[in-house]
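Report on the structure given below.
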Amino acid sequence: MADSQTSVSNSKPQHEITARSDRYDPQAIERKWSERWAQNPDLYKSEPSTTSRKKYYVLEMLPYPSGALHMGHVRNYSIGDALARYMWMQGYNVLHPMGWDSFGLPAENAAIANRTPPKQWTLGNIAAMKRQMKRMGFSYDWSTEVTTCLPEYYRWNQWFFLKFYERGLAYRKKSKVNWCPKCATVLANEQVLSNGCCWRHEDTLVEQRELEQWFLRITDYADELLRDLEKLPEWPEKVRTMQRNWIGRSEGALVDFKLDGIAGPAGDKITVFTTRIDTIYGATSLQLAPEHPIVTDLIANDPELLSKVEDLMTEQRRAKEAGDVGAIEKHGVATGRYALNPFNGERVPIWVANYVLLDYGTGAIMSVPAHDERDYEFAKKYDLDIRVVILPRREGDAADGSPNEPVLPFVETNSLLINSGDWNGLPSEDAIAKMSRYAEEHGFGKATVTYRLKDWGISRQRYWGTPIPMIYCEGCGIVPVPEKDLPVLLPENVEITLAGGSPLAMVPEFVNVTCPKCGGQGRRETDTMDTFVDSSWYFYRYTDATLSDKPLDSDTVGYWFPIDQYIGGVEHAILHLIYSRFWTKVMRDMGLVKNAEPVERLFTQGMVIKDGAKMSKNLGNVVSPDDMVEHHGADATRMYTLFGGPPDQDLDWQDAGVKGISGFLSRVYRFVVRNGRPDCPEWRAVPNGELSPAARKMQRRLHQTIQRITEDFAGRWHFNTSISFLMSLVNELYAYEDAVQRGEQAAPLWLMADVQRKLVLMLAPFAPYLARELWETLGETSDLLRAPWPKYDPALAKEEEMEYAIQVNGKIRSRIVVPADASEDQVRELALADDKVKAAIEGKEIVKVLVVRGRLVNIAVK
RNA sequence: GCGAAAGUGGCGGAAUUGGCAGACGCACCAGACUUAGGAUCUGGCGGGUAAAACCGUGGGGGUUCGAGUCCCCCCUUUCGCACCA
C-alpha cells in the first residue's frame, strides 16, 4: 500500500476513501469528479475569439432527443471527446459544443401515444440525455447549447426563410410529392428509401400527391456544390463520391422530334434528352415514359393501347416500390405513331416503355440500339432496327484503314461517326459539340446540363416544426411576415392527430391574422419546415447562442469557421451534409460568412453492431449505455467504444471486451496507487544518475508510447492501437515491478514520477475520470485539460539493440541481436557467421545478401 | 447491373512505405496466492510434430531476394447508387 497517501485520505468523506483502496471503484471515482466538475460550469468553456491562442472547432453531430443515448451516440461522442481533450492539452482554444435536433415527428407520435404535449416530451428527453452525457464525462460547453425547437433558435430559421424568399431562393409550386400515409406528411425525395418506403416507417409505401409546396432552390447551387467537392480533400472519398452521384450532373443536349401527323393538346413535338447526340443517326425509335403527357394524345382513341400503357405504368411503379427498378424486365408498346428525326428527316416509330423515367431528363429518349446497352436489349426483344453509326477509334484497326466492326452495343466515346450524313468521319467528342450547336442554330435543340438533384421541398403538414413565416391575403397574395414580427410562435396546446393536413390549420388564433400589407383579412401558412433546415446551420449558432438580435456574429464566426473536425455517421453523407453546404453558400452570398464550405475535415464513424447486425429492438441485440456505465463505469464504456476497432469501421460489440478495458484501468489504478509518492522530496527531483536495465526499459517504452499515440492522434485516429500501446506500457510497468522484486535495482523516484504523470496524461482523453483521480493521487492539482500533452524524446525512445531475422531464400532460419548502430556490413557479417545460417547454406552458392535495416537479412542461395 | 469498402486464430482486431503474420484484448489451459474472488499475479495459447520439418491471411495465377500488403482472374459479405438516356 502507498503509505504516503494516508494523510490525504483520512481527511475525506467515506465514499472517497474507497478510491484510496487497492481496488478500482469507478462508481466512487466518477461520482466524486462529476460532483466537482458540476461546480465549475466554465470548465469546458472556450476562450473568446479575441484570444491569441489558435482555435480548434471540433463538432459531433447533434442527436435527436429520442429519450436515451444509444451506443452509436456513445461511440460518436467518445471519438469527439478524445480529440477535444487532446487538442486542449495541445494548447488550442477548443470549441466543443452540443445541442438538440429537437423538432420532428417522433415527438408528435409520442404525443398521440402518451397524451403528452410534444414540447414537454422533447424537453424531458433532452434533460434525460443531457444527464447521460454528463455522466459519460463528455467535455461539452453547455453555455452554448442549441435547442432547435425553442423560439430563440427557430426564429432564425424563419429569418433565413425570409432572406431566401427575398433572394428568390424560396418559392411555391404545385408538384407531385411523396406522401407518407403514416406520417400524413410530405417527404423529400431524399427521405424516401430505395424500396419506395418512408424513411421513418420502413414498412409504409410512399404515395404520390399533388400539393402546393415551398421549395428551396438548391439546384441554383448544383454546379458549385459539385465543383467545391474538389476543395474538400479531407472528406472521405466515399462521401464525396456519394454527393457527386447525388448531384448527378450530366452534359447533353435537348433535341425536338416533330410529330408526324396530327398534334394533340400536349404539343406537336417530343423533346428528348441525350448525352450522345453524335449517335442520333442511329436512333431507330423514340421511347416515352408511360406517364409522359403526350402519351395521352397519341393513344387517346385506342382503349387497347391505353390499357397496355397502364400496365407499363404499374410495372414501373411496382419495381420502384420493390426497390429494384434496375432489375425490371423491359416492356414496351408501339403507339403506331411516328416522329421526324430533325437531322435527317427520317420517320421513327414512337413507343412507350416501362424503363423510361418521367422525372429524369425530359421523360423521353431517342433509342439508339447499336450504342446503348438498354436500347440494345430492348431492340433485340422487339426486333427493332439496329444501325451502327460510330466505330471504334484505336490502334490496331485494320491495315487498310477501315476500322473493325464493333461488338454491339458499342458505347465508347473514343469513336468516329459513320452513316451520319455530313458528320461522317468526325470524332464523337467534336460531333457532340458541333451537332448541339447545329441543333440550336436551326431551332430544334440545344446543349444543356441536367442534374439528378432536385429542389428541396421543405413544407411539412405537421405541427412540431418551425412555422413558415408567410401570410396569404386575398388582396395581396403571398405576403412575408415582416422581420419585426418574428418569431411566428408555434402555438402550444394543439390537438395532434394522425389525420392528414397540418394540425396548425385547426387553430383559428394562429391561422387568422391581419395582412401586414393591406390590413385586411389574412391566413397564415400552416405548414412547418423540414427539420433538415434546423440542422443546416446550427453549428454557426454555437459560436454565440445568446445573440437575440441576429442569428450569428460574423466576426465570431470568422474566427471559428470552418469547423476543423466534424464527426458523425455516414448515413448523413448526403442529406444533411449537402443541405448544410448549400446553406453556407447562401449565407456567404448574403455576406454573413466568409467561408464557402462549413466543414474542413469530416470523419464518418462506423456503426455499432452486435451479433452481425445493427442494434435494434426487433433483434433484441441492444446494449444500453446506462447498463454498461452502471456495471463498468463511464471510462471503461467509452474507452471500449474506441478500443473495439478502428473508428471508421463498424464496431462489433462484445460485452466481454468492456471487461478487458475495465481490467486495464484497474491495473493502471493499482500501479499508481502503489507507486505514487508525491510526498517524498525526490519525487520532484530533476533527472539524474544512471538507470538500471529494467528502469531504462520502462523509460524507453514510455517514450515509444508517447510517440505512437501522438502520431495516431495526428494521423490515422486508430485509437484501438493507441490504447493497445497504453496497455503494453502498463504491462511493461508490471514487468518492471517484477524485475525489482527479483532483485534488480529500483528506478529513482524522479523517473517513477515521470512515467506515472505521463501515463495519466495519455489516459486523459480516453478515461477522463480515472485520469483526473490519479492526477490527484500523484499530487497534481491542475485540471487535465490545461495540462500539456507529453512530449517524447527520440533518443530515449530508441532501442539500443536490434533483433534481425535471418532468412535463407525467404525462410527464417535464425535470429541475431546486434547493437542498434551496427552498420549493414557488420550485420551481414554476423548473419553469415551464425551457426544455423551456416548449416542452412552449406554447399550452396550465395547469390545475394540483402540487409533491411532494423528488420532482417535475406540470403539468396542456389 | 454500377461504384466503394472489406474477407487474417475459437472471437474483436494488429501488421503506417512490400520486410519476422497474429501486437493488444476476450475466451480457453496451466501454475502461484488464499481476505476462496465474477479478485490478483505469472506463464502458455494459428494448424501440425515427441521435437523438428512443414502448412497457414477467401480461392486460383503472377511480379519480387521477399507478398496479408502490388498486378490479373474468380468467390463471398457489407454499404451506397440504381434502366440517369
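Chain letters run A, B, ... following the sequence lines, proteins first, then strands; residues in each count from 1. Worth saying up front: this structure is predicted, and the values here are computed from it rather than measured.
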(request) Please report the closest heavy-atom contact between A:Ala222 and A:Leu453, naming both atoms and the distance. (result) CB-CD2, 3.9 Å
(message) Expressed as a whole number of angstroms, how long is the span from A:Leu358:CG to B:rA85:C1'?
(response) 14 Å
(message) Once you apply a heavy-atom cut-off of 4.0 Å, does A:Val356 come out as touching a base, just sugar-phosphate, or nothing?
(response) base
(request) Pick base, sugar-phosphate or nothing for A:Glu373, based on heavy-atom distances below 4.0 Å to the nucleic acid. (result) nothing
(request) Go through the structure and list residues passing side chain to side chain contact (heavy atoms under 4.5 Å, CB included) with A:Arg815, not counting sequence neighbours. (result) A:Glu803, A:Ala805, A:Ile812
(message) Just the rounded figure in Å: distance from C1' of B:rG38 to CD1 of A:Ile661.
(response) 18 Å
(message) Would the distance check show the side chain of A:Asp375 and the main-chain N or O of A:Val368 forming a donor-acceptor pair, the cut-off being under 3.5 Å?
(response) yes
Close N/O contacts between protein and nucleotides 44-55 of chain B (under 3.5 Å):
{"unit_1": "B:rC54", "atom_1": "OP1", "unit_2": "A:Arg813", "atom_2": "NH2", "d": "3.4"}

(request) Report the C-alpha separation of A:Phe257 and A:Phe444 in whole Å, then their side-chain angles, then the decisive distance to 0.1 Å, and conclude whether the ring-ring contact (aromatic ring centres under 6.0 Å, His included) test is met. (result) CA-CA 8 Å; A:Phe257 283 65; A:Phe444 60 78; 8.9 Å; no
Under 3.5 Å, which protein N or O atoms sit close to an N or O of nucleotides 10-13 of chain B? Give each pair with its distance.
{"unit_1": "B:rC11", "atom_1": "O2'", "unit_2": "A:Gln654", "atom_2": "NE2", "d": "2.5"}
{"unit_1": "B:rG12", "atom_1": "O4'", "unit_2": "A:Gln654", "atom_2": "NE2", "d": "3.1"}
{"unit_1": "B:rG12", "atom_1": "O2'", "unit_2": "A:Gly644", "atom_2": "O", "d": "2.9"}
{"unit_1": "B:rG13", "atom_1": "O3'", "unit_2": "A:Asn720", "atom_2": "ND2", "d": "3.4"}

(request) Taking the side chain as every heavy atom from C-beta outward, state whether A:Arg813 and A:Ile806 have any pair of such atoms under 4.5 Å apart. (result) no
(request) In whole angstrom, give the distance that lies between atom CD1 of A:Ile365 and atom P of B:rA85. (result) 10 Å
(message) Output the rounded distance in Å from NZ (A:Lys610) to P (B:rC26).
(response) 18 Å
(request) Examine the side chains of A:Arg452 and A:Asn245 and answer whether a donor and an acceptor come within less than 3.5 Å of each other. (result) no
Pairs under 3.5 Å (N/O, protein and nucleotides 40-43 of chain B):
{"unit_1": "B:rU40", "atom_1": "O3'", "unit_2": "A:Arg670", "atom_2": "NH2", "d": "3.2"}
{"unit_1": "B:rC41", "atom_1": "OP1", "unit_2": "A:Arg667", "atom_2": "NH1", "d": "2.9"}
{"unit_1": "B:rC41", "atom_1": "OP1", "unit_2": "A:Arg670", "atom_2": "NH2", "d": "3.1"}

(request) Quick one: classify the glycosidic conformation of B:rG12 as syn or anti, with syn meaning within 90° of 0. (result) anti
(request) Look at A:Arg23 and B:rG37 and indicate whether a side-chain polar atom (N or O) is within less than 4.0 Å of OP1 or OP2. (result) no
(request) Over all heavy atoms of both residues, which pair between A:Gln707 and A:Ala797 is shortest? Give the atoms and the distance, please. (result) OE1-CB, 4.2 Å
(message) Under the rule for ring-ring contact (aromatic ring centres under 6.0 Å, His included), what residues qualify as partners of A:Tyr640, not counting sequence neighbours?
(response) A:Trp653
(message) Is there a side-chain contact between A:Thr362 and the phosphate of B:rA85, meaning an N or O under 4.0 Å from OP1 or OP2?
(response) no
(message) For B:rA15 and A:Arg716 - does any side-chain N or O of the residue sit under 4.0 Å from the phosphate oxygens OP1/OP2?
(response) yes
(request) Would you verify whether the NZ or CZ of A:Lys330 falls within 45 degrees of the ring axis of A:Tyr355 while also being under 6.0 Å from that six-membered ring's centre? (result) yes
(request) Starting at atom CZ of A:Arg249, determine the distance to atom P of B:rC84, rounded to an integer number of angstrom. (result) 18 Å
(request) With pairs defined as Watson-Crick or G-U wobble and both distances under 3.5 angstrom, please note down RNA chain B as a dot-bracket string, | for pairing with another strand. (result) (((((((..(((......[....))).(((((.......))))).((......))..(((((..]....))))))))))))....
(request) Indicate the ring-plane relationship of A:His576 and A:His572, choosing parallel, tilted or perpendicular according to the 30° and 60° boundaries. (result) perpendicular
(message) Can you measure A:Gln807 atom CD to B:rG19 atom P for me and round it to whole angstrom units?
(response) 12 Å
(message) Nearest whole Å is fine: how far is B:rC84 C1' from A:Gln287 CD?
(response) 16 Å
